[in-house]
Amino acid sequence: MGIFDESKQKRKQLIKNRNILQTTYIPDQLPHRENEIRNIVEIITPSLYKNKPSNILVTGKTGTGKTAVLNYIGKELKKEDPKEENCSFIYVNCEIVDNPYGILFNISNQIIIDQNRIPPTGWSLDRVYDTMISYIDKENKVFIIVLDEIDRILQKNGDDIFYFLTTMNEILKQSKISIIGVTNNAKFTELLSTKIKSRLGEEKVIFSPYNAEQLQNILRGRAELAFDTEIIGDGVISRCAAISAQDSGDARKALDLLRVSAEIAERNGDTSVTEAHVIAARNKIEIDAVIEVIRTITVQSKIVLRSIIELHEKKDIITTGNVYSIYKENCDILSANLLKEKRVADLISELDMLGIIHARVKSFGRNGRTREIELNINKDIIDFVKKDELFEPLQKHKSKKQTTLWKEQEDNKKV
DNA sequence: TGTCCACTGGAAACGGTGGACG
DNA sequence: CGTCCACCGTTTCCAGTGGACA
Ligand SMILES: Nc1ncnc2c1ncn2[C@@H]1O[C@H](COP(=O)(O)OP(=O)(O)O)[C@@H](O)[C@H]1O
């Protein structure tokens, strides 16, 4: 008997088809999005006849299927026009590339396939824009450009690029482009200038969150492809659906929950997935997500976070200025370079947006107006942060301080 | 009632990095 | 090479601002 046999036996594959549950998988069927699909299809159908469709703004919370629906429509559009004679579908995720050059680069190189590709950096924006236009016009067709997570660009770079893109049609002679903006920020349009607001939002499609019942259907559909259904215990799917429905109707979360539950069951060597696994999965996902975020923040952010933790442990009120003075000490001990107040304040806002802390502006009357900060992570994660090797000098320093203190006390006793 | 604190939030500018191009 | 340009993280500047206290 081989030494792996027992372990192999134990690790019975519960998941038959793993990639079905991965977030990158695009399903062939998207239940409960029939109306949205029909709407969008109706709007973009003119592109099959080389006419420019209206621009569309798609809004809806995360995990409501926006990306899945648009990719699905893109696939189907290609089926209608396999040689892309009349229209091409271009998808850009602005969360991954969020600077103007990157976006134009990305769009252009889905169009330009010969040796004249645009380099990933180096050109002036004007030059990129001009070559892009000439290539687009040469193709003599309609380009449907999906900008996913479009709010990212605006946040970081303002709306210049939207102006670029929406005025391009006035210069193009043969081809046309049509923009589909995707955002999970319902207030996105309020942040745009009126001109661009009306151009980008010629048509609007709203994706509402799924309810528990709809999530159950979605999960069932996937589960059938990914597992032998009998290994999924009673109530597992409804439990996953209920949890995710309560917390913003996010299908991605629901699917993650199901996948991680199965993975946990598998690792435990259990023969079926039960509700207990779902509960365990929920915790694991939550913790993993936070740890992943903390792992990827910058050194400076970590020092700021560490300073907040120190104040938290001293049970002091945590304010921006408060954090800054501890931060200053820590930078000194760690011989990290010291940032100015403003930047640290901005880093605090970033930590807030990441959900690691909770910071809201509060007025303390005569004592000024500043952020009051609360830590939003549990003890284990606090320990995880403190254990970071970056802080080793700090641990030494603090314990040295403590031992000297202790020594002094001892000495005092002796005297 | 007004003052004034300790910042906030927005914008512009800066310096360093790195690619293209002539 | 030097020049131009974009990007990023950061600094500098500045006009607000909610509310305890005089
Ligand atoms: N109606 C649906 N049917 C099946 N799977 C869905 C459905 N809606 C969303 N999903 C799945 O949920 C996950 C998240 O969806 P996504 O389109 O990325 O959401 P969004 O872009 O709105 O944040 C994806 O894995 C997607 O396949």
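Please read all numbers here as calculations on a predicted model, not as lab measurements. Each chain gets a letter, A, B and so on, in the order its sequence line appears, and its residues count up from 1.
- By the 30° and 60° cut-offs, the orientation of the rings of A/F162 relative to A/F188 is perpendicular.
- Under 4.0 angstrom from either OP1 or OP2 of C/dT10 there lies at least one side-chain N or O belonging to A/R343.
- In this structure, A/P100 reaches the sugar-phosphate backbone alone: every heavy-atom distance under 4.0 Å involves primed, P, OP1 or OP2 atoms, never a base.
- A/K362 has no side-chain polar atom (N or O) that falls below the 4.0 Å cut-off from OP1 or OP2 of B/dT8.
- Residue contacts for A/S363: at a heavy-atom cut-off of 4.0 Å it reaches a base atom on one of the strands shown.
- When rounded to the nearest whole Å, the span between CZ of A/R369 and C1' of C/dG18 equals 6 Å.
- Here A/L104 lies out of heavy-atom contact (under 4.0 Å) with every strand.
- Comment: A/K79 engages A/E76 in a salt bridge, judged by a side-chain N to carboxylate O separation of less than 4.0 angstrom.
- Spacing between atom CG of A/D130 and atom P of B/dA20 amounts to 19 Å, rounded to whole angstrom units.
- Taking side-chain N and O atoms only, A/R127 has a distance below 4.0 Å to OP1 or OP2 of B/dC21.
- Judged by the 6.0 Å and 45° rule, A/K75 forms no cation-pi pair with A/Y72.
- Look at NZ on A/K340: it is 14 Å from C1' on B/dG15, rounded to the nearest Å.
- Under the 3.5 Å distance criterion, with hydrogens and angles disregarded, a donor-acceptor pair is assigned to the side chains of A/N35 and A/R38.
- Atom P of nucleotide C/dT10 and atom OH of A/Y327 are separated by 8 Å, given to the nearest angstrom.
- Mapped onto DNA chain B by nearest heavy atom, A/R371 and A/N367 fall at different nucleotides, with A/N367 at the one closer to the 5' end.
- Under 4.0 angstrom from either OP1 or OP2 of B/dC21 there lies at least one side-chain N or O belonging to A/W123.
- The side chain of A/T370 contributes an N or O atom lying less than 4.0 Å from OP1 or OP2 of B/dT8.
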